[in-house]
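Since the structure comes first, as structure tokens, the remarks are kept for the end.
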Amino acid sequence: MQTQLLSATPQAVHRAAQLLQNGEVVGIPTETVYGLAANATNAEAVQRIFNAKGRPQDNPLIVHIASMDMLERLAKDIPPAAYKLAEKFWPGPLTMVLPHQDSLAPQVSAGLDTVGIRMPSHPVARSLIEQCGLPLAAPSANRSGSPSPTTATHVMNDMQGLIPLVLDGGACEVGLESTVICFTQGDILVLRPGVVTQQQLADAAACNVQLVPQEQAIRQNIAPKSPGMKYRHYAPKATVVLVDASDSEFISYVKQQQTQQGIYALCYSEDISAGLTQAVSFGSKNSPASQAEQLFSALRRLDELGASLVYARLPSENGISLAVRNRLLRAAEFRVVRPQHKQK
Ligand code: TXA
Ligand code: MG
């Protein structure tokens, strides 16, 4: 199969809507990351997503909608807090896991009685959903295990020959996948942190918001007991090691380690200004939003440079930084070194 790459003009969006109605898979821009979209009500179409992505069948997909009507046709027992959050954060980078009705292809929810639903804000994604009139199942458009794509070129690199069309809607504004939450006994549980933060959720829903136990483990720097392939996500080809250190310690530690070709730093732009070389920046130290936006393309850049070993900054646990930290911890398979006494 030849994969076409088209700039997201009205004609191209129309073409994509036709393909989706015919049960095909299309690479589409969203404000978070690019998605691999198909008609969520068509089992064959959804299966094509799993095949193209190489995704384990037991990992459920997020369904993308363009209206509250669509939400009410797909989900049931929607708690009042979900409406409050939709009001505040939709369209935008928040996915809510809710009990589903029977209208979706069973693989979408991988046998669970719930479905993750999100209303994206990207104009191309929205007009596509509206034009084909279908809820679109769409995981991130990377091959399973590699960093999520934040440009159409990233999608082409992973999906060439596997899907008929990729729509180019420019670089993704957010750059990290949506915050995923579910509701339990009046509380909200964050299953995957994103740029919609724990605090923002608590303020908007006026209820208790907890991070899933694994997140608590990450926050306390306790690596899971059974590491391995299960946790290898967002990973470049290189081995990634996170360095928990002050600014000056990070720079001097990385310089000491850079004894041969292929050893890179994944750092803040300020570290490069301070003299670090063989380094790729993932944004500014003082701008977690820029780090979210740039992290995945920085990881892909390290592959292009042929990096074999990467020492990366460990962002803090506050606000948006927690989401960046979560992706980096997984890319590093939870390897963290602390070179010296950390100066707080
Ligand atoms: O920003 C995003 O969320 C992007 C764009 C394309 O919308 N999509 C995305 O999809 O990141 P994916 O498939 O790469 O990640 C979906 C996450 C997975 O961790 C999956 O396990 C979780 O959401 N998920 C989906 N449905 C779920 C459910 N019913 N219960 C629990 N977790 C669910
Ligand atoms: Mg993904």
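Ligands are counted one by one from 1 in listed order, and the atoms in each one are counted from 1 as well. Values reported hereafter were calculated over all heavy atoms of this structure, with side chains retained and with hydrogens, waters and symmetry mates removed.
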Are R118 and E31 close enough for a salt bridge, meaning some N to O gap below 4.0 Å?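 The answer is yes: the pair qualifies as a salt bridge.
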Under 3.5 Å, is there a donor-acceptor pair between the [X] and [Y] side chains?
X    : Y   : value
D69  : S67 : no
Q47  : Q57 : yes
T32  : T30 : yes
R192 : T95 : no

query: For ligand 1, which atoms, with element, lie under 4.0 Å from some heavy atom of H64?
result: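 Numbered from 1, ligand 1 contributes 5 (C), 6 (C), 7 (O).
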Give me the nearest non-hydrogen protein atom to [atom] as residue plus atom name, then the distance to 0.1 Å.
atom                    : value
atom 6 (C) of ligand 1  : G35 CA, 3.7 Å
atom 15 (O) of ligand 1 : R192 NH1, 3.1 Å
atom 30 (N) of ligand 1 : V97 CG1, 3.7 Å
atom 5 (C) of ligand 1  : T32 OG1, 3.5 Å
atom 3 (O) of ligand 1  : S178 OG, 2.5 Å
atom 32 (N) of ligand 1 : L191 CD1, 4.1 Å
atom 21 (O) of ligand 1 : N59 OD1, 2.7 Å

Could you tell me whether [X] approaches ligand 1 through its side chain, its backbone, both or neither, with non-hydrogen atoms closer than 4.0 Å?
X    : value
K53  : neither
S140 : both
T114 : both
V115 : backbone

With no hydrogens and no angle check, is any side-chain donor or acceptor of [X] less than 3.5 Å from a backbone partner on [Y]?
X    : Y    : value
Q257 : Y311 : no
S290 : S284 : yes
H14  : P10  : no
T179 : G194 : yes

Heavy-atom proximity to atom 33 (C) of ligand 1 ranks first, among G116, A125, P60, for P60
Filtering I28, I62, V195 for the heavy atom nearest atom 16 (C) of ligand 1 leaves I62
Do you see an N/O/S atom of N142, backbone or side chain, under 2.8 Å from the Mg ion (ligand 2)? no
Subject >> Cation-pi, F250 ring and R313 (6.0 angstrom, 45 degrees) >> reply: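 Yes; both conditions hold, so R313 lies above the ring face of F250.
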Within the structure provided, determine whether V310 and V241 are in side-chain contact (heavy-atom separation under 4.5 Å).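 No; the side chains remain at least 4.5 Å from each other.
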task: Report yes or no: does A138 have a heavy atom closer than 4.0 Å to ligand 1?
output: yes
Does the residue R55 have a heavy-atom contact with ligand 1, meaning some pair of atoms that are separated by less than 4.0 Å? yes
